[in-house]
Number of protein chains: 2
Amino acid sequence: MARAAGVSRATVSRVINGIRNVDPAIQERVRQAIALTGYAPNQAARSLVTRRTGVIALIASGAGSGEENPFPGQIFADPFFGRVAGGVVGHLRPLGVHPVLMFADTLESRDQIISFLRQGNADGAILISISAGDTLPKLLADASLPAVLFARPVRPIPISYVDVAHRTGGKLAADHLVARGCRRLATISGPLDLPASQDRLAGFQEAMAVHGHPYIPCAEGNFTFASGEAAMERLLAEHPGIDGVFVANDVMAQGALGVLGHHGRRVPGDVAVVGFDDSSAALACRPPLTTVRHPIEDMAAEMARLLLAHIEQPDLPVTSRIFEPILVVRESA
Amino acid sequence: MARAAGVSRATVSRVINGIRNVDPAIQERVRQAIALTGYAPNQAARSLVTRRTGVIALIASGAGSGEENPFPGQIFADPFFGRVAGGVVGHLRPLGVHPVLMFADTLESRDQIISFLRQGNADGAILISISAGDTLPKLLADASLPAVLFARPVRPIPISYVDVAHRTGGKLAADHLVARGCRRLATISGPLDLPASQDRLAGFQEAMAVHGHPYIPCAEGNFTFASGEAAMERLLAEHPGIDGVFVANDVMAQGALGVLGHHGRRVPGDVAVVGFDDSSAALACRPPLTTVRHPIEDMAAEMARLLLAHIEQPDLPVTSRIFEPILVVRESA
DNA sequence: CTGAAAGCGCTAACAA
DNA sequence: TTGTTAGCGCTTTCAG
């Protein structure tokens, strides 16, 4: 464009990038020419010199080293992932940064992601690991690509992360259930190879021990609806007298609620239920779910901040930031 | 890199881009040098000359012209959107194309999206409109940006789209419910300003008329869980004798199922329920939902094909492709 | 079959 | 304050 504005391209560039030291009159003239010609600067040319794309990778990372379902499954439909994605978009969009959706399910896809980043397709990555044994954090660290994890990695890795105090969450649930008068408690945990699951469980058990309940029956799930149902069935079969359950995420809690209803148990009358996440599933439960709120929006904001900082200053030391959960009391407990 | 390979960069480029006419020996030498040096070609430089990015925009477009929730809400958590996103990723990833997640909720965000595309940040767009009166399709067409819609636009617009035969879907549900012996039917529709909702409803009503039921009570919802509950409550209040319901999507059906249970109605014994989409919500229903399957993966594949074709040949005439739904019989009807 | 050279469109020194 | 100039790192004619 826009030497039709009667100035040099350098000046146009300065106006577009909001650099001062440009005569207001000329600034105006350039703006008009832009509006008139419908000029849109070429991002590739721009990235080539600025070495920045305004794009980050938002990665849902599962285990998988072989081949699986060709469709990145219902991960994207998980209310938890949805809330994270929403939080990230909400905070990055005003800054003109947009996320590329990626799914790391196979060895190949992990390599593809690393290449994608190394080629400068994106400036950094936000990684949401949904299973243990994920090798992507290490690959990212080894390639020293700017990245932030949504949760503490299984093994220590020099990479920044944001997490919630899972143990505190477990304790909140325990305290609430005990305060409500529950005496025969049980819990449905997430996959026990995940630190998050371990910590929620440990926090719950420890708090229960303090309340004088040294042993708590536990059924392991994998954060899916169906696994929540199955776990609840097992618990009910082995411990029919249960009067309170802490479930490690809302989606499983939703499944558990259905099973309880099926077995004629009233919630919260016969059995009180507390979930975890405060995802949209909590409001889709009947009765609405009392749950431990994962402050995802705050965490997403912090991840955005951290990632951008790492992008700006590649040698910034890695940090972690732990958020405190709170109990949201609704009707299920 | 890699004049360390002892060849010119032109040759390296040829090897990387898999262009023939390269001596196998040299080809091998280049590959080794690449592996050795860990060379990764710069995508910006590449895009600058090829005018292609390998990125497309995946847009969830709501209505909204003012300001709303700062967080792109639970759209991303909707099982329907999740399935579309998964289908798109599944088909584009093998081709080395990745989607940027965008949310068009405000006037401003729509402009931002158009700029994003015009600046060459992405080669084209896939748009999933989740409300009527969306102006984005028109903006895209006016800017003649390569784009494909997930559904027929409300008003005719010169832009390609992929859709499902909603009327057929409604008919499938009607035929099944009647064949099952239901006599007092009702339906919960989606927002009636959406063509998709209108067509599902019309298809259902017309088929019912053929079966001798000229009038079918209808309650309008907006595709959310809560609206499904509310609609079912209304229906039950006004027509307590209902013995079959066609619900325009699975998420609302899930809500309806809960309400029916609450009112002591057995499903499918007292009331049979048929949903629409066959999203993950259908399997999370109790009993599992009989539903009209939206062939989203096939549709996503077709969208990918169409979009890439439009990107290759900018003057390709617009087309549409309508897919046939099928009935998936489970336990709810 | 391979190399040399000319840009792609922009930003960022450096002059003026 | 503005214009000139030199690349950013690649692909792609065009010679050889």
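A, B, ... follow the sequence lines: proteins, then strands. Residue 1 opens every chain.
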May I have the distance from [X] (atom [atom1]) to [N] (atom [atom2]), rounded to whole angstrom?
X	N	atom1	atom2	result
B:Q27	C:dC1	CD	P	10 Å
B:I34	D:dC10	CD1	P	10 Å
B:N42	D:dG9	CG	C1'	6 Å
B:R46	C:dC10	CZ	P	21 Å
A:I16	C:dT11	CD1	P	7 Å
A:N17	D:dT1	CG	P	17 Å
A:R52	C:dA12	CZ	P	11 Å
B:Q43	D:dG9	CD	C1'	12 Å

Quick one: which of [options] gets closest to the side chain of [X]?
X	options	result
A:N21	D:dT12, D:dT1, C:dT2	D:dT1
B:A45	D:dT2, C:dC8, D:dG9	D:dG9
B:S13	C:dC1, C:dC10, D:dT12	D:dT12
A:L48	D:dT11, C:dG9, D:dT1	C:dG9

Given that B:D23 and B:R51 both sit by DNA chain C, which one's nearest nucleotide is further toward the 5' end?
B:D23
Quick check on DNA chain C: between A:V49 and B:V22, whose nearest nucleotide comes earlier from the 5' end?
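Checking each residue's closest nucleotide, the 5'-ward one belongs to B:V22.
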Identify the two heavy atoms, one from A:I59 and one from A:A104, that lie closest to each other, and give their separation to 0.1 Å.
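Heavy-atom minimum between the residues: CG2-CB, 4.0 Å.
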Between A:F150 and A:H294, how do the two ring planes meet: parallel, tilted or perpendicular, split at 30° and 60°?
tilted
Parallel, tilted or perpendicular: which one describes the rings of B:H98 and A:F116, with boundaries at 30° and 60°?
perpendicular
With distance as the sole criterion, is a donor-acceptor pair present between the side chains of A:S115 and A:Q119 under 3.5 Å?
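On atom types as modelled, these side chains do not qualify, holding no pair under 3.5 Å.
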Would you please say whether a donor-acceptor pair under 3.5 Å links the side chains of B:R46 and B:N17?
yes
Stacked cation flag A:R321 on A:F323, 6.0 angstrom / 45 deg
yes
If you measure from CD on B:Q27 to CZ on B:R14, what distance do you get to the nearest 0.5 Å?
11.5 Å
For nucleotides 3-6 of chain C, which of its nitrogen or oxygen atoms have a protein nitrogen or oxygen under 3.5 Å away, and what is each distance?
from, atom 1, to, atom 2, distance (Å)
C:dG3, OP2, B:S8, N, 3.2
C:dG3, OP2, B:S8, OG, 3.3
C:dG3, OP2, B:T11, OG1, 2.8
C:dG3, N7, B:R14, NH2, 2.7
C:dG3, O6, B:R14, NH1, 3.3

